[in-house]
Amino acid sequence: MKQPKRYLITAALPYANGLKHIGHLAGAYLPADIYVRYLRAQKRDVVFVCGSDEHGTAIPIQATKEGTTAQAIIDKYHPIIEQNFNDLGISFDIYHRTSSPIHHETASEFFTALNNKGDLITKESEQYYDEQAQSFLADRYIKGTCPNCGFQAAYGDQCESCGKSLSPDELINPVSTLSGNTPVKKLTKHWYLPLDRHEDFLRKWIIEEHGNDWRSTVVGQCKSWIDGGLQPRAVTRDLDWGVALPDDVEGGKGKVLYVWFDAPIGYISATKQWALNTGKDWRPYWEDQDTKLIHFIGKDNIVFHCIIFPVMLQLHGNILPTNVPANEFMNLEGDKMSTSRNWKLEMEDYINDFIKPANGGSQLADTLRYYLTAIAPESKDSEFTWKGFQDANNSELVSIFGNFINRALVLMHKLCNGKVPPLHNELLDELDHATIEAIQQSKEKIEQLLEDYKFRDAQFEVINLARIGNQYMQKKEPWILAKQLAENPAAQQLINNCLHICLQLTANLAILSNPFLPFTAKKICYLLKVVDKILDWENAGSMKLLSVGYSLRAPELLFRKIEDEEITIQIEKLKAAAVNKESITTTSNTNNNQSVDTATAITGESADKSPVKPEIVFDDFAKIDLKVGTIVTAEKVEKADKLLKLQVDLGFETRTIVSGIAMHFAPEAIVGKQVTVVCNLAPRKMRGIESNGMILMAEDANGKLHFINPEDPINPGSGVS
RNA sequence: GGCGAGGUAGCUCAGUUGGUUAGAGCGCAGGAUUCAUAACCCUGAGGUGAUGGGUUCAAUUCCCAUCCUCGCUACCA
C-alpha cells in the first residue's frame, strides 16, 4: 500500500449546548486520538482537527432555557468540553469553534462557490412568520401542543416530552416563542443541495470503491440511503444565529446556513486556523490527492459524513475521505445512554471523580481510555459496566501490565544494583530468543491492526506483550537463581540476561502502549529515565533502548486498584440521577448521539417543563366534548407499530378511533375497557384509516400509558366534565 | 411496516472466501510459586454456534422463513 503524503484526521464536532458523555468519547474522539498518536509516533505528517459546533437552533434555545444569550452558552460549554478532552489526553492539534470569523468566512465562501456554479437550487415554500418580531421562525422557535402526547411546550421540530419528531405544521395552537403571538404563514425562499443529482457518483464511490474496505455497518447504512432515493436538502434557514448568507446573494437577507451545512465545513476552517497558528499551508490537506482524510464519528452521523459532506466536497473540488470508521453505540449498565433520561456518564463527572489529583490523577484517565477501547463498539453496540471497568483495570492494567513493569524494576533494583545489567549473548537460550522475537511480532501486529482501525484488537496485543513478559519471567525465575549465587556465582549472568530482556521489553511497552495509554507511556519513560523521544515508533522492536549500566529510578506503581466501594458509589449515583428525572418516556427521545451533532440536534438537558399550562377560561374547556366510551373491538393497524384501530361504543353510536397505543397494550387485552374520549375532535386519517376522536391517556414516569376511566363501569356516552 | 447492522462459552467479544476436536480475555475450579499492587505462572470445566427449514459429500459460515436486540424511516389527534 502506497503511503500517503499527509493525514488529516477529524473527530466529529461536539455540539456546544451541553456536556458530552463517554459514549461520545468512545465513539469518535478516543479512536481518533489513538490513530493520531500512532501516526505522530511514525513521524507522519498529520493534523488532528476538531472543535465545537456552535450553530443551529438548539443553542439559542438552550440559552433561553438557561436565561442567557446564545453567545454565553457557547462560551460556557466550549471551554469545558475542550478541557475535558484535554484531561483525557485527546490530543487535538486544534480544537476550534464554528463561531469564529475564519469559519464564517470559510463557510460563506463555500456556499458562494457552490451557488455560483449552479450546484444549489432554490425553492419557495410557506413557513411560519412572526409579524411582530418581523422574522421567520425556525422550527424550534415555534412552540405548541404536541399532537402526540399533548405536551404543551413541544417545539416545531420535536416534542421533548415524548421525543416525537415534528414539523411546525403539526403543532396544535402554534405560538412564536419570540413574541408569544400566533405566527402566520408566509412565503420564503431557501437554497437546497440537490443530492438526487449525485446518486450515481455516491453509488460508484461508496458501494463499488469502498464496499469492501469500509465497515459493513457504514456501507450498509449508505446503501440504504442511496437506494431509498436522495432528496434535495435545504442548506439555509430563517434564523439569526449562524453563518449569515453572503450580502450579495439575492433574497439571502435574514438567512443563515443550515447547521448541518456549516458544521462539517468547520473541519476545513479549523485546519485553516491551525495553519495560521503554525505557519503552514492548509490547502494540501484538503486539495491534494495524496492526503488521507479520515473522519471518526458515531453511527448517527454516517449520512452526513458519507453522503452529504462528500457531495459538498466533491462539488467544491476537495478531496474525499479515505475512510469513515464509524462506531456503533455504547450502552451503560444495561440501558441506552441518554441525556434526556439522565442515564449517562459525562466526561466531566469521570474527571471529577477519578482524574482530579486527589482521586488518582492521570493514571485513571488511561484506565478509562483502556476500558473504552477494550469494549469499543467497532462492529456492534457494546456495553459499559462499572464492574467491567473495575475488572479491566484490576486484572489487566494492574495485574498484568503494571505488575510486570513493577516486578521487573523491583528485581532489577534488588538483583542488579539498580542498573541496567549487561546482556551475555553467548548464554541466550531458546526462550530468550522467542521473547525477543515476540516483541518484534507485537509491533508488527499492532501496526497492522491500527492501520485497519481495529483499535480494540491492537490494544489487546499490548497487554498480551506484558503477559508474555510475565510468562518469561516466571520461567526464568531470577529470584530462585539469586539464592544459588553463593555456590554458583555464574548464575548472576543468567539473572542479568533475564532482567536485561525484561527491561528492554518494558521500554518497548512504553512505545507500544503510547497511542492508547499516553500518560502511562510517559510515566514509564520517567521511571526508565529516558526522554520522550524514545517513544518514536521506529524504536519499537529494538533491544537497545536502554544502555547497559544506566541507573534507573525506584519503582512506582503505574496503576492503582479500583475498590468495590468506588464502583458501588458510581452505580448508585447513576441510578439516583436517573430516578430524579420526572416525566421520563421510553419513546425515541433518547438522544444518545455519540458524536457530532449537526442537523439532528442533541437537545441537551431536558426542556423546561412548566408544571401547569397557561390559564384558560371555562369556555375554552367547554368546547371539548368528553365522553366515556367502551372499547368494543381492537386490532392492530397494518404496517404501523404504534397504531391500534378501535371501535368505541359511545352510547349513541359506535365509532372508529385510531390510537397510538399499540406498544403498550395488546388488542385483546383492552376490549371491554372503558375510556375517556374526546369526541368532537376533527377526524384525521392515519395509515389510511379515518379516526374520529381521541382516547385520553396518562403517562407515568416510565413512559407507560394508562387509560383514564371511571372508577366503576358506567353507561357508555356518559359526559365527562 | 420498510431498510440497515447484529443474535457465537456465566460476562465482553473474535473468527470462518463452507471442510478434521468453534477461539481469546475476564470470571470460575484445581495446582504451582513468592520477585511483584493476595499480584504472576500452569492446568481445567463451560457452547446442540437465536429457532425452523433448504442447498451441499460437508454449514456456525450460503439461501429462505420466524423470533429477539440496536439504528434510520413511516405511523401516535
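Every chain is numbered from 1, with letters handed out A, B, ... down the list of sequences.
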Which base sits across from B:U69 as a Watson-Crick or G-U pair, both distances under 3.5 Å? B:A5
In Å, rounded to the nearest 0.5 Å, how long is the span from OG1 of A:Thr654 to CG of A:Asn692? 12.0 Å
Give the intermediate values and the outcome of side-chain contact (heavy atoms from CB on, under 4.5 Å) for residues A:Ile308 and A:Leu195. CA-CA 7 Å; A:Ile308 300 175; A:Leu195 291 172; 4.1 Å; yes
Pairwise P distance, B:C26 and B:C63 [rounded to whole Å]: 35 Å
Rounded to whole Å, please give me the gap between NZ in A:Lys299 and P in B:C70. 10 Å
Does A:Ile375 offer a backbone N or O that forms a donor-acceptor pair with the side chain of A:Ser382 under 3.5 Å? yes
Atom CG of A:Asp335 and atom C1' of B:C70 are separated, to the nearest Å, by 12 Å
Check whether A:Glu333 reaches the backbone of A:Thr385 with its side chain - one donor and one acceptor, N or O, closer than 3.5 Å. no
Footprint string (nucleotides 6-13 of chain B, 5' to 3'): B base within contact, S backbone only, - free, heavy atoms under 4.0 Å: SS----SS
Sugar-phosphate only, base, or nothing, as touched by A:Glu477 at under 4.0 Å among non-hydrogen atoms: nothing
From CA spacing to verdict: ring pair (Phe, Tyr, Trp, His ring centres under 6.0 Å), A:Tyr371, A:Phe384: CA-CA 8 Å; A:Tyr371 182 52; A:Phe384 181 106; 5.1 Å; yes
Given protein heavy atoms under 4.0 Å, the one-letter contact record of nucleotides 37-42 of chain B, with B base, S sugar-phosphate only and - none, is simply B-SBSS
For nucleotides B:A50 and B:U33, find the distance between their P atoms and express it as a whole number of Å. 44 Å
Considering only atom C1', compute the distance from B:A45 to B:C28 and round it to an integer number of Å. 9 Å
Rounding to a whole Å, what distance do you find between A:Phe329:CZ and B:G4:C1'? 14 Å
Would you say that A:Val675 contacts A:Asn709 through its side chain, given a criterion of any heavy-atom pair below 4.5 Å between the two side chains? no
So, does A:Asn393 use its side chain to make a donor-acceptor pair with the main chain of A:Arg560 at under 3.5 Å? yes
Work out how far the C1' atom of B:G6 is from that of B:U61, and round it to whole angstrom. 15 Å
Paired nucleotide for B:A29 [Watson-Crick or G-U wobble; both distances under 3.5 Å]: B:U43
Look at the aromatic rings of A:Phe309 and A:His295 and report parallel, tilted or perpendicular, splitting at 30° and 60°. tilted
Whole angstroms only, please: what is the CG-C1' distance between A:Leu499 and B:A36? 12 Å
Let me know the distance between CG of A:Asn327 and P of B:C70, rounded to the nearest Å. 19 Å
Return the pairing partner of B:A36 with a 3.5 Å limit on both distances, Watson-Crick or G-U wobble; otherwise return none. none
OP1 or OP2 of B:A36 versus the side-chain N and O atoms of A:Lys414: is any pair under 4.0 Å? yes
Would you please say whether a donor-acceptor pair under 3.5 Å links the side chains of A:Gln492 and A:Asn496? yes
Of A:Ala392 and A:Ile695, the one whose nearest nucleotide on RNA chain B sits closer to the 5' end is A:Ala392
Should B:G46 be called syn or anti, with syn set as within 90° of 0? syn
Pairwise C1' distance, B:G49 and B:A38 [rounded to whole Å]: 38 Å
Determine the interatomic distance between P on B:U60 and the same-named atom on B:U51; round to the nearest Å. 11 Å
Taking any strand in view, what nucleotide pairs with B:A22 in a Watson-Crick or G-U wobble way, both distances under 3.5 Å? none
Apply the test side-chain contact (heavy atoms from CB on, under 4.5 Å) to residues A:Phe296 and A:Leu30: give CA-CA distance (whole Å), side-chain angles for both, the deciding distance (0.1 Å), then the verdict. CA-CA 9 Å; A:Phe296 284 88; A:Leu30 186 50; over 6 Å; no
Would a 4.5 Å heavy-atom cut-off, applied to side chains only, mark A:Ile524 and A:Ile405 as touching? yes
Can you tell me the distance, in whole Å, between the CD1 atom of A:Ile308 and the P atom of B:C72? 15 Å
Between CD of A:Glu635 and C1' of B:G1 the distance, given in whole Å, is 16 Å
What interatomic distance, in whole Å, is found between P of B:G7 and the corresponding atom of B:U16? 13 Å
Give A:Val658 one of three labels, base, sugar-phosphate or nothing, depending on what nucleic acid heavy atoms sit under 4.0 Å from its own. sugar-phosphate
Euclidean distance for P, B:U56 against B:C42 (whole angstrom): 47 Å
Base-pairing assignment for B:A74 (Watson-Crick or G-U wobble, both under 3.5 Å): none
Give the rounded distance in Å between these two atoms: CG of A:Asp227 and C1' of B:C3. 9 Å
Pairing partner of B:U55, by Watson-Crick or G-U wobble and under 3.5 Å for both distances, is none
